[in-house]
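Take a look at the structure below.
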Amino acid sequence: MLEKNRTTIEPDDGNQPAPLIAIASVVASMALIAIGNGLMFAFIPVRLGADGFDPTWAGLIVTGLSAGGLAGCILTGPLVRRVGHARAFMVLSALIALSNAAIGAGPIPLIWIAARALYGFAICGLFIVAQSWLNDAVPNAIRGRVMAVFYVAYVAGLGVGYATLAAIDIRTAAAPLIGITFTALSILPVGMTRLAQPPPPQAASVALGRAWRISPVGVAGMFAVGGLSMIISGFAPIHATAKGYSQADVALLLSAMPVGTLILQIPLGWISDRTDRRYVLIGAALLALVASLLAIAFDGGALAVLLVVYLIWDGASESIYSLSSAHAADRAGKDDLLALSSSMLFAWSLAGFVVPGIVTGLSAVYGTGTFIYVGIVIASAFCLFVSWRVLAARPVPATATGSFAPMCAQAPLPVELAFAPDEQPRPGN
């Protein structure tokens, strides 16, 4: 529980109290990293466009990032078991700094692909380390609130990073240097934290068949949002640059998108706690579908309209992530937790790699706007699938459901964090 002076959090498992300032150190570190990350996401396509490179190169860089992320989700567990959470955090932060340094060497596409693959590996690993660390430090009663602060801090940092693009000279190495600076700063809070390190994480096996039997909608949601999140965040700046929008316009467009994540998740989550979550997932998919259709209708038009369209599109897509996670948690029994959560993480990572690769290949033929059409296909297919599941399977009883917690699809969910450790088996398929 929270003491009156609010200086410590008393875990409910008998461990020593975790000081709030120690928990804040992990949150602050990830928020600092987010600023540099957001800037680099915006900088790379704009710089390539300004130097006359074909947009396909930018798409390949996004695909390389996704491939690195898939590797990070698989290999971070062994790394943490070998060196512990704190050292793993510092190693992965150093890899992000190295990635940014390679970008700062100048626009050499092959080097940039390798650099962003390294970044993808490191950022996925950092999220797994940071979230599992926090998950161990706080009791179940307040875990949702702590993680909500964690996600909001990271999304806000991304927005600040996106907006920073408008204030720098992209012809210089200013963006990579700023990214390196914030990455270096992010090491300081964790390096000085007094937060106890968790025990080594369990080895997690991927069992998609078993996970599908437990929660078909949850697994399908991870596949859907893994693709949607990566193509929207990765290809929107590529397409906007190719359409002739200015550096400041691209920065504004990207910085508006996290606002949609913060605005839409809370009301959708509140509704999902009070009804069958599948209805809300259908609504989120329909909202993403409508927004993507509007993105086509207003493509190349007034920036103010596109800001609203992409804000809704990104926010609705990101909401599928947290809603699917909550829906899977509602249907999981205690013995299912490790296999289900690790399989959902793998589904998210796999889609985040495969879909950008498909979009990159299609964009070389049909243009940079292809990602919007792929988004339409994904949202439509997911909406139809969830509608079918509503007819085919009964909802979880209201007394057996958990509570919704906001999440960001840019932040992979580690297996230790996916579900509270004291959950009991729940009925339903």
Side-chain angles (χ1 to χ4, degrees), residues 24-47 61-62 64-66 68-69 71-73 75-76 79-80 83-107 111-134 150-151 153-165 167-170 172-193 195 233-234 237 251 254-255 258 408 410-412:
S25 67
V26 177
V27 176
S29 289
M30 292 305 295
L32 288 168
I33 283 178
I35 296 175
N37 292 350
L39 175 58
M40 296 305 294
F41 257 109
F43 166 76
I44 288 173
V46 173
R47 176 64 189 270
I61 289 171
V62 174
L65 187 157
S66 303
C73 290
L75 299 176
T76 298
L79 173 64
V80 175
V83 302
H85 284 69
R87 289 180 179 175
F89 192 101
M90 295 176 187
V91 167
L92 294 166
S93 298
L95 294 181
I96 290 183
L98 287 174
S99 169
N100 290 341
I103 300 295
I111 292 180
W112 282 21
I113 291 172
R116 293 304 276 174
L118 182 63
Y119 162 81
F121 171 85
I123 192 62
C124 280
L126 278 174
F127 267 108
I128 292 172
V129 170
Q131 292 177 104
S132 60
W133 203 345
L134 290 177
F150 174 85
Y151 283 112
Y154 185 79
V155 171
L158 281 179
V160 171
Y162 292 147
T164 304
L165 179 69
I168 66 169
D169 183 355
I170 61 168
T172 69
L177 287 173
I178 292 171
I180 292 170
T181 300
F182 278 100
T183 302
L185 289 173
S186 73
I187 299 175
L188 300 180
V190 167
M192 295 187 294
T193 186
L195 190 62
S233 62
L254 287 174
S255 59
C408 171
Q410 299 297 318

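The minimum heavy-atom distance between Gly104 and Ala173, with the atom names listed, is O-CB, 3.9 Å. For the residue pair Gly159 and Ser255, the shortest heavy atom distance occurs at O-CB, 3.6 Å. The minimum heavy-atom distance between Ile180 and Ala97, with the atom names listed, is CG1-O, 3.7 Å. Residue Ala88 comes nearest to Val83 through the heavy atom pair N-CG2, 3.7 Å, listed as atom of the first residue, atom of the second, then distance. Between Ala122 and Leu92, the shortest heavy-atom contact is CB-O, 3.4 Å.
The side chain to side chain contact (heavy atoms under 4.5 Å, CB included) test applied to Ala130 returns Val26, Met30, Phe89, Phe150, not counting sequence neighbours. Residues forming a side chain to side chain donor-acceptor pair (under 3.5 Å) with Arg116 (at least two apart in sequence, or on another chain): none. Partners of Ala94 according to the side chain to side chain contact (heavy atoms under 4.5 Å, CB included) rule, which considers only residues two or more places apart in sequence or in another chain, do not exist here. Evaluation of the side chain to side chain contact (heavy atoms under 4.5 Å, CB included) rule for Val91 yields no partner, not counting sequence neighbours. Applying the side chain to side chain contact (heavy atoms under 4.5 Å, CB included) rule to Leu98 yields the partners Leu95, Leu118; only residues at least two apart in sequence or on another chain are considered.
In this structure, Val62 and Ile44 have side chains that are not in contact, with every pair of non-hydrogen atoms separated by 4.5 Å or more. Leu254 has its side chain out of reach of Leu165: every pair of non-hydrogen atoms, C-beta onward, lies at least 4.5 Å apart. Residues Leu188 and Leu185 have side chains in contact (heavy-atom distance under 4.5 Å, counting atoms from C-beta outward). Within the 4.5 Å cutoff, side-chain heavy atoms of Ile123 are placed close to those of Ile33. Thr76 places none of its side-chain heavy atoms less than 4.5 Å from the side chain of Phe127.
A distance of 9.0 Å separates CD1 of Ile111 from CD1 of Ile103, quoted to the nearest 0.5 Å. Separating the CG atom in Leu158 from the OG atom in Ser233 is a distance of 9.0 Å, to the nearest 0.5 Å. In this structure, the separation between CD1 on Ile178 and CD1 on Ile168 is 5.5 Å, given to the nearest 0.5 Å. Taking CG from Leu32 and OH from Tyr154, the interatomic distance works out to 12.0 Å, rounded to the nearest 0.5 Å. Here Thr164 contributes atom OG1 and Ile35 contributes atom CD1; the two are 7.0 Å apart, rounded to the nearest 0.5 Å. For the atom pair OG1 (Thr183) and OH (Tyr119), the distance works out to 9.0 Å, reported to the nearest 0.5 Å.
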Stepwise side chain to side chain contact (heavy atoms under 4.5 Å, CB included) test for Leu65 and Phe41: CA-CA 10 Å; Leu65 187 157; Phe41 257 109; 3.9 Å; yes

Could you please spell out the steps behind the side chain to side chain contact (heavy atoms under 4.5 Å, CB included) verdict for Leu79 and Val129? CA-CA 10 Å; Leu79 173 64; Val129 170; over 6 Å; no

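Residues in residues 92-102 take part in no side-chain hydrogen bond (donor to acceptor under 3.5 Å, both in side chains) pair, two or more places apart or across chains.
Relative ring orientation between Trp112 and Phe43 is described as tilted, the plane-to-plane angle lying within the 30° to 60° band.
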